[in-house]
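Proteins come first, then strands; the chains are lettered A, B, ... in the order of their sequence lines, and each starts at number 1. All values below were derived from every heavy atom in this structure, side-chain atoms included, with hydrogens, water molecules and symmetry-related copies excluded.
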2 protein chains.
Amino acid sequence: MLRPAARPAPGRAAPLFAALGDATRLKLVARMSARGPLSIARLAEGSSLTRQAITKHLKVMEEIRLVRSRRRGRERIWSLEPRRVEEARRYLEAVASQWDAALDRLQRLVEK
Amino acid sequence: MLRPAARPAPGRAAPLFAALGDATRLKLVARMSARGPLSIARLAEGSSLTRQAITKHLKVMEEIRLVRSRRRGRERIWSLEPRRVEEARRYLEAVASQWDAALDRLQRLVEK
DNA sequence: TTCATAAGCAACCTCCAGGTTGCATATTAC
DNA sequence: GTAATATGCAACCTGGAGGTTGCTTATGAA
């Protein structure tokens, strides 16, 4: 009985948004999403930051399972976890529609 | 010619997610979205934090236009800015579908 | 087998986000 | 008019996020 994934509580969703809320990390996400799985070296390429800084950011995102990594030879390959992205997306969708509903309610109250 | 609102660059979208990425702020968003426009006092109600702390959070969100406020008598009423929520939502939607596309491309490459 | 590449580990630094307290000011209620 | 309510302003404190440097280790290439 696969339930339709209820909206998570704000306390649970916040860390997800926090992970996305750093420009460096969001660029990493964008790069992965554009090119597919990439090694740290590839991800750090062109950045003004150190490779170690990039690694730290990746670990932050891994901790909340926004990305995952696997070792391949001497490299470590990083992938996006699309289910988490989707989870965040749905949260915002719910917020927006709930807000609309609240406004509608108030509007009707005034009209009465 | 109202264009369909292109996906913003990571650098522009990150502050939006950062604003959502704090548990206190996300709770404020949730509360507004559930009940409609609310005063600071209402928003601070039940929280363990100071009213001033709440005010600071609201200002953070106002700065990036995730919420707006208007004065009404001695109160200040805070509302959600649903277009910004929608903007963030679309960003995530784009990330997810781009990732899927990248995987598909790679998959087809392997099969060839 | 030796050199170059890719990554991991750890210690350290700095600044500012997220809080607080204390006081001032504007509105509203009685 | 006076007390209570709702908010604004400012100074201050503190931990941890986001960086760096330096060194080590594993793997691949020639």
* With nearest nucleotides of DNA chain D determined for Arg42(B) and Ala53(A) from heavy-atom distances, which residue corresponds to the more 5′ nucleotide? -> Arg42(B)
* Just wondering, more than 12 heavy atoms not from Arg76(A) lying within 6.0 Å of its CZ? -> yes
* **Atom CZ of Arg72(A) with >12 non-hydrogen neighbours under 6.0 angstrom** => no
Starting at atom [atom1] of [X], determine the distance to atom [atom2] of [N], rounded to an integer number of angstrom.
X	N	atom1	atom2	value
Leu26(A)	dA17(D)	CG	P	19 Å
Arg72(B)	dG8(D)	CZ	C1'	19 Å
Met61(B)	dG18(C)	CE	C1'	13 Å
Arg71(A)	dG8(C)	CZ	C1'	8 Å
Lys56(B)	dC13(D)	NZ	P	13 Å
Ile40(A)	dT5(C)	CD1	P	17 Å
Ile54(A)	dC9(C)	CD1	P	18 Å
Glu75(B)	dT5(D)	CD	C1'	9 Å

Does [N] have OP1 or OP2 sitting under 4.0 Å from an N or O in the side chain of [X]?
X	N	result
Thr24(A)	dG19(D)	yes
His57(B)	dA17(C)	no
Arg51(B)	dA6(D)	no
Arg25(B)	dG18(C)	yes
Lys59(A)	dA7(C)	no

* To do: Check if the side chain of Arg74(B) and the base of dT5(D) share a donor-acceptor pair of N or O atoms closer than 3.5 Å.
  => yes
* Asked: Is any N or O donor-acceptor pair between the side chain of Gln52(A) and the base of dG22(D) shorter than 3.5 Å?
  -> yes
* To do: May I ask you to say whether Glu81(A) pairs ionically with Arg84(A), meaning some side-chain N is under 4.0 Å from a carboxylate O?
  => no
* Proximal nucleotide (of dG19(D), dG19(C), dA6(D)) relative to the Thr50(A) side chain -> dG19(D)
* Asked: Are the side chain of Arg89(B) and the backbone of Leu92(A) linked by a donor-acceptor contact shorter than 3.5 Å?
  -> no
* Residue pair Arg68(A) / Ser79(A), side-chain donor-acceptor N/O under 3.5 Å -> no
